[in-house]
Protein chains: 2
Amino acid sequence: MTEQPTPPTRITPRRAATRQRLLAAASAVIAERGVNGASVESICEEAGFTRGAFYSNFATKEDLLNELMSQKHDELLGRIRTILERSAQDPPAGVEMVDYLVDQVMAANPQDRESRLVESEVGLYLIRNPEHAPLLLKAMQPFRDELLRLLTVGLARAGRRLAVAPEDALNAVIAGYETGTTAMWVAAASGHGEDLDVCRRTLTIIVKAISEPA
Amino acid sequence: MTEQPTPPTRITPRRAATRQRLLAAASAVIAERGVNGASVESICEEAGFTRGAFYSNFATKEDLLNELMSQKHDELLGRIRTILERSAQDPPAGVEMVDYLVDQVMAANPQDRESRLVESEVGLYLIRNPEHAPLLLKAMQPFRDELLRLLTVGLARAGRRLAVAPEDALNAVIAGYETGTTAMWVAAASGHGEDLDVCRRTLTIIVKAISEPA
DNA sequence: TGTATTCAATACAGTAATGTATCGAACAGG
DNA sequence: CCTGTTCGATACATTACTGTATTGAATACA
């Protein structure tokens, strides 16, 4: 399904660089105009290539989309792992742990906004094309697992533990993160500065709700 | 900004019906393919018109989009008001109140899925084009107000009250609803039937989190 | 250094979408 | 009725996008 035009082509450095530039460009364009608004043409333009480069590297737009998603997930996974390690060396105590983790997640990345937009687009894509759900869900599972680990470890360090089913806890936390960041950006757009607190408060509420003192 | 081609044209019944059919078609097509995937052509086809009808009724696609959004918000508002009234006549007591309200909201509408998709699309549109945020936010305010009323009244009937800032409570509840319905549809797509419980559980967690015994 | 290969650019043909200008059937008001 | 207006259909010109086939410069290799 995700097959190069010429199956086992050796990947030269040049080719790798081109692919990477196309992927980055796709991310930017999709964030700006959505999956359907991102024509092959526009992606290539953003990357500074012609469509020749595109079709030489990807069979279809969906092909590129799959690889982009896989990259985004790896990225996210890496970020969570980093936070886990960092928080092990430098562990705040008690309820501040929640604030600490939220800050870590939020502060992680300036291009977070772009990633969020791309992921939302793909989320919608998933709801719209339910036949693809199983595949994408499986791709997300490692990320969910790692996030759950971060959550339980973080809670343990704060002297708490999960009070609801792990799956439900994950859903709630992800909900809080998404709505929180959205509220934050909207607030920023309305003239008030980017208020990280909106996101932190929403997440804190939810983390308290899904946990109890150990 | 939202001006008819010929400014103060009298609205004949025929015209009104055409507009409505175009709006409904747009909703369906946008839900299926996204804002950018919904070409004027495809909307007209879905509605059973040619583009002549479209350009006779709307200046641009964005023009139609604005009207569509305004309709969706009115719809939502009406739904919440209905639940408020119904729950006054038939009030369950205690914590079951939460389940009751969630069920009411969930059971309300078979085309809910379509509305959710359209609203998500527009939410993304809002984040992407922050300059439009103030306008859309203002349009959403009545809805948020009414939802807050439903929440406080419902909580009061359950012998509880808000424990966090109203704005934060709203954000959290909306987050729960969105993630809950998404999880539900994804579960449905993965072979398990539509599990209303996923949504109910997520929302219950959140409602408990934002409230305390009165 | 010469030859083979790789890979993006170019050229081309075909399709889809846009917006405008015009036409004519349906439907008023008299 | 019939006459003027409304409104959606049609026709047309233009532009954007797609995908393929071919070319030629850069690169790897010997």
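These figures come from a predicted structure and were not determined experimentally. Order of the sequence lines fixes the chain letters, A, B, ..., with proteins taken first and strands second; residue numbering starts at 1 for each chain.
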Nucleotide dC7(C), atom P - distance to CG of Leu22(A) in whole Å: 13 Å
Interatomic spacing from CD in Glu114(B) to NZ in Lys72(B) - rounded to 0.5 Å: 5.0 Å
side-chain N/O Thr12(B) vs dC7(D) OP1/OP2, d < 4.0 Å: yes
Give the rounded distance in Å between these two atoms: OH of Tyr55(A) and P of dG19(D). 4 Å
Return the value, rounded to whole Å, for the distance between atom CZ of Arg21(A) and atom P of dC7(C). 15 Å
Spacing between Phe58(B) atom CZ and dC7(D) atom P, to the nearest angstrom: 13 Å
Nucleotide dC7(C), atom C1' - distance to CG of Asn57(A) in whole Å: 8 Å
Whole Å only: how far is the CZ atom of Arg14(A) from the C1' atom of dT27(D)? 7 Å
Sorted by number, the residues of residues 32-46 of chain B with heavy-atom contact under 4.0 Å to DNA chain C: Ser39(B), Val40(B), Glu41(B)
Residue list, side chain to side chain donor-acceptor pair (under 3.5 Å) with Asp74(B), at least two apart or on another chain: none
By side chain to side chain donor-acceptor pair (under 3.5 Å), Arg144(A) pairs with (sequence neighbours left out) Glu167(A), Asn171(A)
With Arg21(A), which residues qualify under side chain to side chain donor-acceptor pair (under 3.5 Å), at least two apart? none
Pair up each side-chain donor or acceptor in residues 37-46 of chain A with any protein partner under 3.5 Å, not counting sequence neighbours, and list the distances.
from     : atom 1 : to       : atom 2 : distance (Å)
Ser39(A) : OG     : Ser42(A) : N      : 3.0
Ser39(A) : OG     : Ser42(A) : OG     : 3.2
Glu41(A) : OE1    : Arg51(A) : NE     : 3.2
Ser42(A) : OG     : Ser39(A) : N      : 3.0
Ser42(A) : OG     : Ser39(A) : O      : 2.7

Please enumerate all residues that pass side chain to side chain contact (heavy atoms under 4.5 Å, CB included) together with Thr50(A), with sequence neighbours excluded. none
Please tabulate the protein-to-nucleotide N/O contacts below 3.5 Å involving nucleotides 9-12 of chain D, giving atom names and distances.
from   : atom 1 : to       : atom 2 : distance (Å)
dA9(D) : OP2    : Thr50(B) : N      : 2.9
dA9(D) : OP2    : Thr50(B) : OG1    : 2.8

Identify, with sequence neighbours excluded, every residue that meets side chain to side chain contact (heavy atoms under 4.5 Å, CB included) alongside Ser120(A). Arg116(A), Leu124(B)
Could I get the full list of side chain to side chain donor-acceptor pair (under 3.5 Å) partners for Asp168(B), not counting sequence neighbours? Arg201(A)
